Amino acid sequence: MVYNFFYYICDRRNYNLIQTKQMNNFVFQNPTKIVFGKGTIAQLSELLYKGEKIMMTYGGGSIKKNGVYDQVKKALEGFTVIEFGGIEPNPDFDTLMKAVDICRKEGVGFLLAVGGGSVIDGTKFIAAAVEYQGDEWEILTKKQIPNDCLPLASVLTMPATGSEMNSNAVISRRATKEKFDFGSPKVYPVFSILDPEVVYSIPKRQKANGLADSFIHVIEQYLTDDINTPIQDRWAEGVMKTIVETAPKVLVDRPDYDSCANYMWAATCALNFFISPGVNQDWSTHMIGHELTALCGLDHGVTLAIVLPGTMKVMREPKKAKIIMLGKNVFNITAGTDDEIVDKTIDATEKFFQSLGIKTLLSDYNIGDDVINEIVRRFRERGAVLGEHGIVTYDHVEKILRSRLA
Ligand code: NZQ
Ligand code: ZN
């Protein structure tokens with residue numbers, strides 16, 4: 001199976017193929033050091049080694065407008081730094097390969113990503129590709145990870161993906177309209193600096209994307225079958241409740257520090273694997289969403305907000321116990337029969353995305369049958385296995401997408 005999202009956290013050997021109500025065996029380790037709080041970017045100089053040649057990577061220039069670039073440069077005085085800017089949202093393979101060439105020529109020894117998920121993911125790819133002997137795209141398609149990846153760290157500017165504290169990266173290739181992920185313990189950031197004040201300058205559209213994305217990261221690790229994992233479930237609900245409750249306070253033009261801090265930490269905890277040990281996972285909403293970005297260019301968070309209500313509707317029977325748990329413990333929906341609670345919970349989830357200003361139907365983006373057919377065709381061709389226990393079939397994918405047409 002080539003297409004295996006987040007391989008290291010949902011290794012299918014650990015899946016309960018015969019459904020039992022038992023926590024799966026797990027091994028858990030997360031080596032990333034988090035430095036959290038106001039003014040922490042200045043600590044960069046203490047966290048880095050002076051001896052290494054550092055490549056500082058960043059995106060389209062937001063860091064030059066909001067003061068983050070200046071803070072990083074000040075902290076890096078006296079260090080040998082090569083800059084590589086221009087990593088785009090949904091980082092592109094061809095752009096990243098330019099950085100790989102520079103690293104090889106200049107003998108770069110450490111990578112410092114300053115940005116959101118795209119910059120951090122792109123930097124993880126650079127870290128792996130520099131040492132790869134062969135066609136670097138195979139890192140994505142064949143999950144070939146070299147033994148010696150460059151070490152990397154990050155200064156996070158956008159809470160959303162959890163990339164600052166996980167071992168995954170998602171890379172796009174515009175030339176072929178593809179988007180694939182890879183994961184390896186070798187690309188965990190050594191450290192990540194999380195200063196909540198970076199949130200002040202994030203445009204509303206990107207804050208909405210980040211809120212939807214982080215909420216759905218929790219959902220993908222929670223909304224499967226109930227196998228008696230109350231600790232993971234209560235942690236997951238705590239993260240989701242925090243995201244739902246802080247969302248309106250974060251979306252305003254001038255959010256307060258506490259809301260930014262709580263949102264930032266919630267987004268990291270949503271995908272740093274703390275809630276996933278031992279539980280079953282279903283990344284099908286992400287898998288389908290990645291195809292929508294690759295084919296139609298939609299923002300990652302938007303694709304998920306479109307797909308998830310469809311996944312919940314089409315897969316409502318196997319997910320029923322957890323949908324009810326979500327309704328009761330996150331959205332405070334307690335009245336009615338089980339089926340009524342399921343309906344109300346699916347509705348509340350979709351309304352949450354709409355409250356962020358995200359339109360949740362494919363038809364809102366003029367996407368129709370041709371794209372749906374192409375996505376189903378791609379999954380078939382790749383032999384993709386989707387959902388907890390592989391229960392989301394290609395027919396389900398088609399039904400999920402068709403349920404998102406007006
Ligand atoms: O390019 P710059 O100038 O940095 O501007 C960015 C970009 O335009 C801007 N931005 C970021 N911080 C800002 C800011 N603007 C003003 N002030 C700030 N403080 O926001 C825009 C979006 O940034 P991007 O990094 O693309 O957003 P995000 O963090 O949502 O990352 C999305 C990418 O991460 C992947 C997605 O597929 C997508 O490619 N994902 C990575 C995952 C992982 N590594 O575990 C999991 C996720 O599910 C996701 O798939
Ligand atoms: Zn995501």
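One-based numbering, in listed order, for ligands and for the atoms of each. Keep in mind that this is a model prediction, so the values were computed, not measured.
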Is there a heavy atom of Gly115 sitting under 4.0 angstrom from any atom of ligand 1? no

Ligand 1 atoms nearer than 4.0 angstrom to some heavy atom of Asn66 are 17 (N), 18 (C), 19 (N)

The atoms of ligand 1 lying under 4.0 Å from a heavy atom of Gln206, numbered in the order shown, are 20 (O), 21 (C), 22 (C)

Atom 36 (C) of ligand 1: of Lys64, Lys179, Met158, Arg205, the nearest heavy atom sits on Lys179

For Ile202, the ligand 1 atoms with a heavy-atom partner under 4.0 Å come out as 13 (C), 16 (C), 17 (N), 18 (C), 19 (N)

Do any nitrogen or oxygen atoms of Gly162 lie less than 3.5 angstrom from nitrogen or oxygen atoms of ligand 1? no

Contact region, Ser172 to ligand 1, non-hydrogen atoms below 4.0 Å, reads neither

Counting heavy atoms under 4.0 Å, the part of Ile120 that contacts ligand 1 is neither

At under 4.0 Å between heavy atoms, what of Glu88 touches ligand 1? The answer is neither

task = Would you indicate whether the side-chain heavy atoms of Thr285 and Glu220 approach each other to under 4.5 Å?
result = yes

Discussion item. With the threshold set at under 4.0 angstrom, would you say Lys65 reaches ligand 1 through any of its heavy atoms?
Written reply: no

Item to check | Aromatic plane relationship, Phe353 with Phe215 - under 30° parallel, 30 to 60° tilted, over 60° perpendicular | outcome: perpendicular

Ligand 1 to Pro89, heavy atom cutoff 4.0 Å, flagged ligand atoms 7 (C), 8 (O), 26 (O)

Candidates Asn166, Asp121, Val119, Ile87; heavy atom nearest atom 45 (O) of ligand 1 found on Asn166

Does atom NZ of Lys359 have more than 12 heavy-atom neighbours, drawn from other residues, nucleotides or ligands, at distances under 6.0 Å?
no

Only residue of Ile400, Ile346, Leu308 satisfying side-chain contact (heavy atoms from CB on, under 4.5 Å) with Lys313 is Ile346

Note: ligand 1 atoms sitting under 4.0 Å from heavy atoms of Asn90 are 38 (C), 39 (O)

Are Phe93 and Phe125 near enough that their ring centres are under 6.0 Å apart? yes

Could you walk me through whether Asp195 and Lys38 pass the salt bridge (charged side-chain N to carboxylate O under 4.0 Å, His left out) check? CA-CA 5 Å; Asp195 181 342; Lys38 218 180 267 196; over 6 Å; no

Look at the aromatic rings of Tyr69 and Tyr58 and report parallel, tilted or perpendicular, splitting at 30° and 60°. perpendicular

Salt bridge (charged side-chain N to carboxylate O under 4.0 Å, His left out) with Lys320: of Asp226, Asp225, Asp338, Asp339, only one passes, and it is Asp339

Would you please test Glu136 and Lys98 for salt bridge (charged side-chain N to carboxylate O under 4.0 Å, His left out) and show each step? CA-CA 12 Å; Glu136 295 81 359; Lys98 291 179 189 151; over 6 Å; no

The atoms of ligand 1 lying under 4.0 Å from a heavy atom of Ser201, numbered in the order shown, are 16 (C), 17 (N), 18 (C), 19 (N)

>> I'd like to know whether ligand 1 has Pro159 as a neighbour, heavy-atom separation below 4.0 Å.
In response: no

Q) In this structure, are over 12 heavy atoms from other groups packed under 6.0 Å from Ile231 atom CD1? A) no

Exercise for the section: For this output row, return yes or no: ring centroids of Tyr49 and Phe110 closer than 6.0 angstrom. Expected result: no

Rounded to 10°, the NE2/His217 to the Zn ion (ligand 2) to NE2/His300 angle comes out at 170°

Atoms of ligand 1 under 4.0 Å from any heavy atom of Val198, numbered from 1 in the order shown, are 19 (N)

Purely on distance, is any nitrogen or oxygen of Leu271 under 3.5 Å from one on ligand 1?
-> no

- Task: Check whether any N or O atom of Val170, backbone or side chain, sits under 3.5 Å from an N or O atom of ligand 1, and answer yes or no.
- Result: no

Atom name of the N, O or S atom of Asp213 nearest to the Zn ion (ligand 2) is OD1

Discussion item. With respect to Lys124, determine whether any N or O atom, backbone or side chain, lies less than 3.5 Å from an N or O atom of ligand 1.
Written reply: no

Checklist line | Ionic contact status for Arg234 with Glu237, cut-off 4.0 Å | finding: yes

Closest heavy-atom approach to atom 30 (O) of ligand 1 among Gly59, Ser62, Ala160 is made by Ala160

Fill in: Aromatic contact, Trp235 with Phe274 (centres under 6.0 Å)
no

Taking only non-hydrogen atoms of Pro203 and a 4.0 Å limit, the atoms of ligand 1 in range are 15 (N), 16 (C)

So Trp265 and Phe36, would you call those rings parallel, tilted or perpendicular, with 30° and 60° as cut-offs?
perpendicular

